[in-house]
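Letters A, B, ... are given to chains in the order of the sequence lines, protein chains preceding strands, and every chain is numbered from 1.
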Amino acid sequence: MDYLSSLNEPQYEGVVNTEGPAMIIAGAGSGKTRVLTYRIAYLIKEKGIDPFNILSLTFTNKAAREMRERIESVVGNDARNLWMGTFHSVFARMLRAEADRLGYPSNFTIYDTEDSKSLIRAIVKDFGLDDKVYKPNVVLNRISGAKNRLVSWQEYTTNPLYKADDDTAMKPEMGRLYKTYCQRCFKANAMDFDDLLFNTNVLFRDHVDVLNKYQHRFKYVMVDEFQDTNVSQYTITKKLASVSQNIAVVGDDAQSIYAFRGANIENILNFEKDFPDLKIIKLEQNYRSSQNIVNAANSVIDMNKSQLKKTVWTANDEGSKIELIKSVSDNEEGRFVSSAIFEQKAQKGYASSDFAVLYRTNSQSRAIEEALRKSGIHYKIYGGLSFYQRKEIKDLLAYLRFVINTNDEQSFRRIVNLPKRGVGVASVEKMIVAAFEHDIPLWEVLTNVEHFVSGRAANAVKDFVTLIKSFKISVETKDAHEAASHIAKNSGLIKELYDDKTIEGLNRYENVQELLNAIKEYVDTPEVEEKGIGAFLQEVALLTNQDNENDQNTDFVTLMTIHSAKGLEFKNVFIVGLEEDLFPSQMMLSSRADLEEERRLFYVAITRAKENLYFSYALSRYRYGRLLNCEPSRFIEEVDPSYLKVNTRYGSREPKLGQSFETPAVSSRYARNLVQSRKAQTKKPLQYHKPSPDFKPSDTSELQEGAKVEHPKFGFGKVAKMDTDGANRKAKVIFEDFGEKTLLLTFAKLRIVE
DNA sequence: GACTCCGATCTTTTT
DNA sequence: GATCGGAGTC
């Protein structure tokens, strides 16, 4: 019990109140991770609960790993059987076991965001829609938003509310895209990230016996960062806990910064409704930061209307005031930050690792990075492209994925002509369309390719199929590392990279070797029971950034976005780029709710600091290759001036405190500059047809072959062939200027000329 | 089918 | 400024 003695009163309550529903509202720096880990340790050690019956959910792999380590340090080996992980990894595992209930094979592929977007791009093209209107990003966000709110495509396409919404947004085909996207994922035996949660909900809804099984298995459920859960995630946990009622959620509404990806603060209110016997525990004492920092943070978050009542306080020293640094340019800002770090290290004996520079967008790291490098201060940038998103890594993984699941459309597209074997885009489209038209698996098309594609391409595909078949054999007989090495070598990927003697080529070659090493490491891990490629892919699909911990030098300044700094703390923190339109972000200013999310982000940034905090802004900054004028952020003046002081050592002119900066509501100099520079861009050649002045789409239900039609974008053409694909009627039209196009008549706006 | 050039786009992020 | 996809050319 000695580990419990270090807790304060509410923390102790949070640990020992294990029976019945509990909500722990944990202010910044109040020791919430500690409460969660001790709670699990308490369950195992003091209450004798089998770790097998405990489920603990987090949002990042890193958080899960850290928590597991901390629990292991208290309870030892018992922690091994805990179900602990991210929502996605835990329920992906569950779905693999129960996949047949949903009509999926257990070796289903997980599509990452890139796969999803590329599939959407393909569908938009198939439908003959304008990809300027239906941007992959926008479409995916819409689909993702629907799934996260548990709106199926069936509901989406029948509920007039969504239709009306999409019509106003001038995107009337969104429902169709959603439907087709789901169907094609299903056909490819693939789930995207949102499906992992959505389908878990479907599983629990339609298969009560499965739900029952897991309800009885998970007698204790815990959710970290509860403010970041979306409806889909919340519904899963609610259902799992509805029998035992032993559910504890931990979160802080003031630190909710992921609404943009579907997180729903309302869950906190719903939780009180769904579990009326709820015990609410508030952790309000901050152990992390100085009084000045805590007070300044409070003064900022008080500006937000929507928040739960909570008073974060600290018994720590008053500390020094926040220093405000003003610079002329982003480069000067970088120099000021690096010299401030240099001075502080020399004067106060800080290490480099005591400093963090936090910014709103990844692109801001450039100026800081340059300055630090010139001063010889070690630094590490977090974020940006992760190892598993690199092209060469995705290529090899696509081979592995395709060998495991030969209906994986996205992997197929990636590798069928890599290295070049003479299969062009046209043939690929033909084969994928054929799989749909005949309603057969993609692999069946490939093994009978001569019926669908002719000539050289067909022979190339035959060789490809033979190659994949040989890979299948090696996957069945070898462990993951041997099989992956075999595939990397015999696919020709390695050779292609090896032959590329440029620096980037060398890098790519090394990256592939590194991936193979990682697979070797995976195979050699004693706890891993399944050593095959399939098992490895399951692991890796849900992995992302913060993996490579093979850094020897541990003394470095941390550079990261505020989003990735959540959950971390540093002695000294610089918040840079405090400029209107950058932070708060221009994109976020369209609604009050969004401004409040930006403000919470600012709050998160402030509360990372333990001892010293610096605000910095520049009067000009390069963005998108253009030098733009900047105005100080409204957030600076929202901080109570009594906690601020101007740093007079830096900056050419003194910024004034307590005086309104006159921040414009929405449109600002940046926006104006951008609009003007867009206008100034040179003439854009008119490529597409201009519809006739009397253009009005005709009723195409009676459209005949041979009819002459006008398309608003492609101009005049003649209908060559009519076709049906399920419920969809298609017309193959040969346009005078744009050649052959297949149009979906349900969408295409056509005027029948004669 | 492969290569090259042009131009549109660009938040935050985890999975 | 850098990247990526599409269109145009051989």
Side-chain angles (χ1 to χ4, degrees), chain A residues 57-64 85-92 110-118 121-122 124-125 131-132 135-138 141 144 147-148 191-197 225 228-230 232-233 257-263 358-364 366 382-386 388-389 391 417 419-428 455-457 460 540-546 560-567 577 581-589 594 597-598 600-602 604-605 622-627 674 678 681-685 687-688 738-739:
Chain A
L57 296 165
T58 58
F59 278 82
T60 65
N61 291 311
K62 192 174 156 217
T86 63
F87 273 92
H88 290 85
S89 69
V90 164
F91 296 113
I110 298 173
Y111 275 175
D112 67 13
T113 313
E114 206 184 318
D115 297 320
S116 300
K117 277 192 212 165
S118 125
R121 208 173 285 124
V124 167
K125 207 172 170 186
D131 59 359
K132 304 281 179 301
K135 292 179 193 163
N137 242 334
V138 173
N141 276 340
S144 172
K147 281 183 187 166
N148 287 335
M191 295 193 198
D192 68 14
F193 289 135
D194 302 317
D195 285 333
L196 295 175
L197 305 171
E225 306 280 9
D228 289 335
T229 48
N230 57 40
S232 181
Q233 288 162 326
I257 53 175
Y258 284 110
F260 73 90
R261 65 174 209 230
L358 307 182
Y359 35 78
R360 178 68 232 274
T361 71
N362 276 313
S363 59
Q364 287 169 258
R366 200 213 82 245
Y382 291 80
L385 203 61
S386 91
Y388 289 99
Q389 286 172 300
K391 183 185 176 299
N417 203 25
K420 300 258 184 304
R421 31 174 93 84
V423 186
V425 188
S427 312
V428 172
R456 262 186 319 185
V540 91
L542 296 170
L543 267 185
T544 40
N545 268 331
Q546 56 278 32
M560 56 168 57
T561 62
I562 302 166
H563 280 91
S564 28
K566 196 170 76 156
D581 287 348
L582 185 61
F583 191 18
S585 158
Q586 155 75 22
M587 310 275 217
M588 283 295 222
L589 290 186
D594 289 336
E597 176 153 328
E598 291 284 286
R600 290 193 293 269
L601 195 57
F602 189 43
V604 168
Y622 274 97
R623 255 174 121 187
Y624 303 145
R626 254 183 289 277
L627 188 66
L674 204 63
R678 282 274 149 80
Q681 270 169 10
T682 43
K683 36 71 206 179
K684 185 181 151 228
Q687 289 172 339
Y688 290 112
F738 292 88

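- The nucleotide whose nearest atom lies closest to any side-chain atom of A:Arg360 is, among B:dT11, B:dG1, C:dG5, B:dT11.
- Both A:Ala426 and A:Thr113 sit near DNA chain B, but only A:Ala426 has its closest nucleotide nearer the 5' end.
- Within the structure, a side-chain polar atom (N or O) of A:Ser427 is placed less than 4.0 Å from OP1 or OP2 of B:dG1.
- When rounded to the nearest whole Å, the span between CD of A:Gln233 and P of B:dT14 equals 14 Å.
- Of the candidate nucleotides B:dT11, B:dT14, B:dT12, B:dT14 has the atom lying nearest to any side-chain atom of A:Ser564.
- Per the geometry, CG belonging to A:Asp192 stands 13 Å off C1' belonging to B:dT14, to the nearest Å.
- A salt bridge links A:Arg600 with A:Glu597: the closest approach of a Lys/Arg side-chain nitrogen to an acidic carboxylate oxygen falls below 4.0 angstrom.
- Taking atom CG of residue A:Asn137 and atom C1' of nucleotide C:dG5, one finds them 14 Å apart after rounding to whole Å.
- A:Lys566 pairs by the salt bridge (Lys or Arg N to Asp or Glu O under 4.0 Å) definition with A:Glu225, A:Asp228, not counting sequence neighbours.
- One can place NE2 of A:His563 at 7 Å from C1' of B:dT13, the figure rounded to the nearest angstrom.
- Considering only the side chain of A:Arg121, C:dG6 comes nearest among B:dT14, C:dG6, B:dT12.
- The CG-C1' distance, from A:Asp228 to B:dT13, rounds to 10 Å in whole Å.
- Listed by chain and residue number, nothing satisfies the salt bridge (Lys or Arg N to Asp or Glu O under 4.0 Å) test with A:Asp194 (two or more places apart in sequence, or in another chain).
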Between the protein and nucleotides 3-6 of chain B, which nitrogen or oxygen pairs are less than 3.5 angstrom apart?
none

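- Minimum heavy-atom separation, A:Leu542 to A:Ala92: CD1-CB, 3.8 Å.
- The separation between A:Asn417 atom CG and B:dA2 atom C1' is 9 Å, rounded to whole Å.
- Among B:dT12, B:dT13, B:dT9, the nucleotide with an atom closest to any side-chain atom of A:Tyr258 is B:dT13.
- Listed by chain and residue number, A:Asn201 satisfy the side chain to side chain donor-acceptor pair (under 3.5 Å) test with A:Ser232 (two or more places apart in sequence, or in another chain).
- Set against B:dG1, C:dG5, B:dT12, the side chain of A:Thr561 has B:dT12 as its closest nucleotide.
- One can place CG of A:Leu601 at 11 Å from P of B:dT12, the figure rounded to the nearest angstrom.
- One interatomic measurement links the two molecules: CZ of A:Phe87 to P of B:dT13, which rounds to 21 Å at whole-angstrom precision.
- A:Asp192 is linked by a side chain to side chain donor-acceptor pair (under 3.5 Å) to A:Lys147, A:Tyr181, counting only residues two or more places apart in sequence or in another chain.
- For A:Phe87, the ring pair (Phe, Tyr, Trp, His ring centres under 6.0 Å) test picks out A:Phe59, with sequence neighbours left out.
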